[in-house]
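Counting starts at 1 for both ligands and their atoms, in listed order. Below, all heavy atoms of this structure are taken into account, side chains as well, without hydrogens, waters or symmetry copies.
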Amino acid sequence: MNDEHAIRAFSARFERRVPTLAVRAPGRVNLIGEHTDYNGLPVFPMAIQREVRIACAPRRDASVRVENVDARFERREFVLVPEITPFARGDWGNYAKAAAQMLVQRAGITRGADLLVEGDVPLAAGLSSSSALLVACTLALLAANEVEIERTELMELCARAERYVGTHSGGMDQAICLGGRAGHALVIDFAPVRFEAVRMPDDWRFVIADSGLKAGKSGAAREGYNARTVECRTALERLRASWKETPTTYAELVTHATTGELVGRARSVLDDVLLRRFRHVVSEGARVDAARAAMLAGDAPRFGALMNASHASLRDDYDVSCPELDELVVHARSAGAFGARLTGAGFGGCIVALVRASEAERVVHALRTRYHAPRGLEAESSVLVARAADGADVRTV
Ligand code: GLA
């Protein structure tokens, strides 16, 4: 949306008012390190060129009014108070409420705003459209109240705020949305959040392909996701109870022993399901470290092999893949990708594949013709060559 068009669209919805702030917040693709963040182990995502944009006009009163250019999302309104009652489960307005409640509690904001939202992050596809919306609302309300909060604190606040919608997610999505850097992927660590930007080799491309199966955070995938977080906690508690010297977090565990040693020892304590969840988490943490080294060394075959191992682990140990995602990764690899894996929480959504720049169009074409076209899925918009983008920002217009 260009500025003039944005202003007209805004004025048509909000009694001829004019927006004074423009916010953008990118989606993300996670390259490796899946279901590790809520276990305190690192992730390795990058922000992408798809984003949520908000035009905002601050108000004098405490009302927040949110409109969406996409007519599927109805107008929402609420008032800034310390405890904001959520809309119905799954309602898109809850992301604005989550941001607002967090800022009332943390910064005592009192000025509401009129917000017009639009964006092109595919919804419920594992590319973090919802966190982008929450971050965009947060930056809009902060700017409307002329309040500043330091970025790393904001990453933590936004991560916690998102629990308002009912998902017990980790902090990856909000951190990369706020901290993304063009041309780089970020290794992000947690508790406390900290990150390192790793430059993407010039001839690497990450191709994202949507399975067409919806996996929204506030929808059906939430149950499966929340169940995994409980299983990981339970596994750690059981180990702690039976290993006298066991450290209290996954992060401490992996600094004391290798994946093989940890799994070997856990075998006598955990039942089959918990052992597999545990094995995924600790092995995936190690793969992030190895992937960081591979990117720094420009070693695409190694990075690709780690992606393949990650997918196998998510499929066989973590049980969050599905036949469609498994099929997509096979197509990507057979078309020449160095490696491919599901990305995001799984249960549907997208895969990501690493390809040589000169091969990207060929792999994109192969995915469209082998997976999307036979299913009658919109081939054009379902496959994308990702560009590592900058994190969210707000500017005065
Ligand atoms: C979702 C959550 C993230 C992360 C991923 C899985 O995207 O929001 O915090 O846990 O799933 O890696």
Side-chain angles (χ1 to χ4, degrees), residues 25-48 50 52 94-95 98 121-135 155-180 185-191 193 195 208 210-211 213-233 250 277 280-285 287-288 291 306-307 310-311 313-315 317-322 325 341-352:
R28 62 102 185 93
V29 62
N30 190 18
L31 307 181
I32 197 159
E34 220 64 82
H35 292 275
T36 45
D37 59 353
Y38 53 82
N39 291 308
L41 292 179
V43 294
F44 200 1
M46 67 188 211
I48 58 174
R50 299 294 184 90
V52 169
N94 281 336
Y95 290 97
V121 188
L123 303 178
L127 301 179
S128 213
S129 58
S130 45
S131 296
L133 175 59
L134 182 140
V135 166
M155 291 172 181
E156 312 238 18
L157 287 170
C158 286
R160 254 181 282 141
E162 204 163 315
R163 313 238 163 107
Y164 184 92
V165 303
T167 311
H168 306 157
S169 53
M172 164 168 66
D173 306 344
Q174 303 78 8
I176 185 64
C177 182
L178 283 157
L186 258 61
V187 174
I188 305 173
D189 257 295
F190 302 94
V193 69
F195 54 87
I208 302 171
D210 193 340
S211 67
L213 242 68
K214 295 290 170 211
K217 260 187 199 169
S218 51
R222 178 173 55 187
E223 310 305 326
Y225 183 94
N226 288 349
R228 297 299 180 284
T229 66
V230 174
E231 288 165 346
C232 291
R233 262 203 316 276
Y250 279 96
R277 304 297 188 251
H280 168 72
V281 172
V282 293
S283 64
E284 186 77 352
R287 280 188 287 272
V288 172
L306 292 161
M307 293 174 81
S310 169
H311 186 80
S313 178
L314 288 159
R315 182 193 59 209
D317 279 351
Y318 221 63
D319 294 315
V320 293
S321 191
C322 58
L325 293 170
R341 55 182 290 278
L342 72 83
T343 184
F347 309 103
C350 290
I351 65 140
V352 59

Is the closest side-chain donor-acceptor distance between E34 and S310 under 3.5 Å?
no
So which bit of R228 gets within less than 4.0 Å of ligand 1, heavy atoms only: side chain, backbone, both or neither?
neither
Under a 4.0 angstrom heavy-atom cut-off, which atoms of ligand 1 come close to G170?
9 (O)
Atom indices of ligand 1, in the order listed, that fall short of 4.0 Å to a heavy atom of E34:
6 (C), 12 (O)
Pull out every atom of ligand 1 sitting under 4.0 Å from any heavy atom of R28, numbered as shown with elements.
7 (O)
Short list, please: which atoms of ligand 1 are under 4.0 Å from a heavy atom of Y225?
1 (C), 2 (C), 3 (C), 4 (C), 9 (O), 10 (O), 11 (O)
In this structure, which one of V29, I188, V187 forms a side chain to side chain contact (heavy atoms under 4.5 Å, CB included) with P45?
I188
Check: P122 main-chain N/O paired with R50 side-chain donor or acceptor under 3.5 Å
no
Please identify which atoms of ligand 1 are closer than 4.0 Å to at least one heavy atom of Y38.
10 (O)
Cut-off 3.5 Å, side chains only: do R287 and S313 have a donor facing an acceptor?
yes
Main-chain N/O of N30 paired with T343 side-chain donor or acceptor, under 3.5 Å
yes
Under a 4.0 Å threshold between the charged nitrogen and the carboxylate oxygen, would R277 count as salt-bridged to D319?
yes
Show the atoms of ligand 1 that are less than 4.0 angstrom away from any heavy atom in M172.
4 (C), 5 (C), 12 (O)
With a cut-off of 4.0 Å, which atoms of ligand 1 are near a heavy atom of D37?
3 (C), 4 (C), 9 (O), 10 (O)
